[in-house]
Amino acid sequence: MSVQQSLIELPFDLDQQRIPAHVAVIMDGNGRWAKNRGLPRIVGHQKGVDALKDLLRCCDDWGVKVLTAYAFSTENWGRPAHEVEFLMTLFERVLRRELEEMMAENVKIRFIGDLKALPESLQAEIAHSMEKTANNKGIQFNIATNYGSRQEILYACQAIASLVKEEKIQLNDINEELLENHLYTKGLISPDLLIRTSGEMRLSNFLLWQMAYGEIYVTQTLWPDFNRQEFRQALLDYQKRDRRFGKLNQ
Ligand code: FPP
């Protein structure tokens with residue numbers, strides 16, 4: 001999407017200069033959305049994919065550079081087997097179905113999380129989508145799958161401890177930059193705004209390190225109902241915030 005186009009499509013009440021560069025989203029409420037309609041939970045997840053596609057397109061249109069979505073947490077394995085199985089198949093099917101369109105829209109896909117534990121066919125689809133979109137220069141779309149922030153930080157600590165043990169680095173070399181370079185999000189800017197749907201006010205083990213100074217916006221809306229108007233509301237709220245990063249304003 002060209003800058004010109006994003007200027008045209010941006011709602012008049014949003015400030016182009018204060019669009020968050022990185023938006024993260026906890027897509028909560030799929031199950032409740034389906035239950036409210038007397039439908040199986042999996043229908044909520046299917047509808048959730050449509051909402052995510054719309055958000056990705058909207059981010060691209062309005063000038064957001066990075067979108068990170070929490071698709072499956074390390075804790076989600078505790079759900080009933082048929083739901084887990086459905087989600088894994090859904091991820092694979094959606095990736096296969098949407099890849100050409102993502103290419104056409106210049107989207108760069110990255111999966112973050114412990115991918116080795118995912119079904120092999122899904123791992124193959126993930127590797128293919130990341131390889132194929134690696135040189136795309138449009139919006140960066142990160143999908144957190146089998147992601148857990150505590151585990152991410154633990155893995156980083158283990159990797160760094162090994163470097164010390166092997167005398168490749170000294171204790172004094174351990175700093176924030178080194179730790180960040182061992183997280184799944186290596187090379188990404190931290191989120192400016194995290195949106196959580198369906199009213200819960202917690203991070204649920206998502207981007208704990210990266211959200212140190214990120215703004216949080218919670219809406220009661222259930223994820224499948226999240227749309228451009230909802231996103232506009234989130235951005236309006238975000239643009240009113242006074243981000244001081246622990247300092248005082250002059
Ligand atoms: C949380 O709602 C949602 C999930 C655990 C799954 C989210 C996945 C998608 C929206 C599909 C994304 C697809 C791709 C390809 C990335 P919930 O089930 O916890 O809802 P509840 O709290 O109402 O039960």
Side-chain angles (χ1 to χ4, degrees), residues 23-60 66-103 105 107-115 117-119 121-130 132-133 139-149 184-185 194-207 218-227 230-231:
V23 172
V25 63
I26 301 180
M27 309 178 286
D28 202 6
N30 292 347
R32 274 164 281 174
W33 184 93
K35 192 173 170 225
N36 291 344
R37 288 162 176 75
L39 297 166
R41 293 175 54 81
I42 56 171
V43 180
H45 296 315
Q46 277 166 330
K47 284 282 171 197
V49 174
D50 297 337
L52 182 57
K53 272 178 65 183
D54 284 350
L55 178 63
L56 178 63
R57 206 159 273 144
C58 189
C59 282
D60 195 17
V66 185
L67 174 66
T68 301
Y70 203 6
F72 194 87
S73 73
T74 45
E75 289 72 34
N76 284 154
W77 295 108
R79 294 188 174 212
H82 68 90
E83 184 171 337
V84 170
E85 215 167 284
F86 176 84
L87 281 169
M88 294 298 148
T89 313
L90 180 72
F91 298 151
E92 201 175 318
R93 202 155 25 96
V94 170
L95 262 187
R96 205 172 300 130
R97 191 180 70 203
E98 303 295 335
L99 192 56
E100 281 316 310
E101 208 172 320
M102 301 265 202
M103 282 303 289
E105 295 187 14
V107 177
K108 184 169 175 172
I109 301 174
R110 173 161 162 188
F111 277 78
I112 57 171
D114 185 5
L115 306 179
L118 299 173
S121 53
L122 175 57
Q123 286 187 51
E125 210 61 55
I126 287 174
H128 177 59
S129 69
M130 290 205 286
K132 193 150 182 200
T133 64
I139 189 166
Q140 164 99 43
F141 180 32
N142 305 309
I143 305 159
T145 311
N146 195 22
Y147 175 89
S149 206
Y184 296 129
T185 51
L194 170 81
I195 298 171
R196 180 165 189 154
T197 54
S198 93
E200 248 78 63
M201 306 247 189
R202 52 179 174 260
L203 287 176
S204 297
N205 205 13
F206 189 42
L207 304 174
V218 175
T219 170
Q220 294 299 322
T221 301
L222 304 178
W223 176 251
D225 289 328
F226 193 84
N227 57 23
E230 288 281 339
F231 189 43

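Only this structure's heavy atoms are used, side chains among them; waters, hydrogens and symmetry mates stay out. All ligand and atom numbering here is 1-based and tracks the order in the structure.
Taking a heavy-atom cut-off of under 4.0 Å, ligand 1 is surrounded by M27, D28, G29, N30, G31, R32, R41, H45, G48, V49, L52, A71, N76, R79, F91, V94, I143.
In terms of the side chain to side chain contact (heavy atoms under 4.5 Å, CB included) criterion, residue partners of K132 (sequence neighbours excluded) are, by chain and number, L99, E100, M103, H128. In this structure, F111 has no ring-ring contact (aromatic ring centres under 6.0 Å, His included) partners at least two apart in sequence or on a different chain.
Ring-plane geometry between F91 and F72 is classed as perpendicular, the angle between the planes exceeding 60 degrees on a 0 to 90 degree scale with a lower cut at 30.
Within a 6.0 Å radius of CD in E85, other residues, nucleotides and ligands contribute 12 heavy atoms or fewer.
Side-chain contact between L207 and Y70 is absent, with no heavy atoms from C-beta onward closer than 4.5 Å.
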Which pairs of donor and acceptor atoms, one on a side chain in residues 39-50, lie under 3.5 Å apart (sequence neighbours left out)?
| from | atom 1 | to | atom 2 | distance (Å) |
| --- | --- | --- | --- | --- |
| R41 | NE | E83 | OE1 | 2.8 |
| R41 | NH2 | E83 | OE2 | 3.2 |
| H45 | ND1 | N30 | ND2 | 3.0 |
| H45 | NE2 | E83 | OE2 | 2.9 |

